[in-house]
**Student:** 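Quick one: the structure is below, and I'll ask about it shortly.
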Amino acid sequence: MDMCNTTEVKHSRHIERQYQGEATHDGAGVRLTRLLSQGLQRRLDPFLMLDFFGSEDAADYLAGFPDHPHRGFETITYMLEGRMRHRDNAGHEGLLATGGMQWMVAGRGVVHSEMPEQEAGRMAGFQLWLNLPARDKMTSPWYRDFAAADLPCANGAGGARAIVLAGIAEGVAGAVQRDATEPLILDLQLPAGASWSQPLPPGHHAFAVLYAGQAAVGEQALTLEALAVLDDDPAADGVIVSAREEARVFLVAGRPLREPIVQYGPFVMNTREEIAAAVQDLREGRFG
Ligand code: CO
């Protein structure tokens, strides 16, 4: 008898390959690890980019991300630790603090800044870019800030918990749902010996990032701070992540759009003509 009434996954996906990512700088010089970039955009469609940042050294993050544009996709910023202030050209402003998330749909265009609101201490988090379907790329921009306390939490067996940023886990609906790409975004918090069973629709692309502790998918250990692409085994009905020691795992899945992807920096459209239009609109002040 299963007393915990937890979700069952009969056949877990496996790790197809792990990527260490690339140490880089972005914004005005923020040090980060780019775990997902252009080379994986087809494989992990609808996800376009994943950055992980984490440093105790203010010199790595103080410069922040001054005014910059986005068009054609959504950004999800999940703050593990620290404080970041967001301001955009439409006059919106928000503070992202420890455990909080900002969901932004850039749509036809946003110009914004993301600046640390701290001069010392650790700052850590993820920024994920999620593509918009062609029909929605020029939609009106919007964003929403969620404080840590506003993010739904699901409980599994053995003390396992998931912060449900998007999608559904253990019957708990996440903070955000999106129709076209059906993203699932979980921050798994697993005590030593605990597992998380997460059903995943066949055909959805999925990956996991272990960012603290030790965990595995089946017998395959997750490499710390690497991007583990999960395979598309058609017989699999989900994934089982097990903690060998207390662990934190960022688990992401979504429905591929299977549309052309043309990226030029912070613009991601379907054609080169649309990219040229974005560059021109920005230059001529028609953005946002
Ligand atoms: Co930005």
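Numbering of ligands and ligand atoms starts at 1, following listing order.
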**Student:** Hey, what else clusters with I240 if you join Ile, Leu, Val, Met, Phe, Trp, Tyr whenever side-chain heavy atoms sit under 4.5 Å?
**Tutor:** V9

**Student:** Quick one: closest heavy-atom pair of G82 and Q118, and the distance?
**Tutor:** CA-OE1, 3.0 Å

**Student:** Within less than 2.8 Å of the Co ion (ligand 1), how many protein N/O/S atoms are there?
**Tutor:** 4

**Student:** Centroid separation under 6.0 Å, is that true for the rings of H70 and W129?
**Tutor:** yes

**Student:** Tell me whether the rings of F250 and F126 are parallel (<30°), tilted (30 to 60°) or perpendicular (>60°).
**Tutor:** parallel

**Student:** Under a 3.5 Å threshold, yes or no: a donor from one side chain and an acceptor from the other, between Q189 and R161?
**Tutor:** yes

**Student:** Does any donor atom in the side chain of H11 or D233 lie under 3.5 Å from an acceptor atom in the other side chain?
**Tutor:** yes

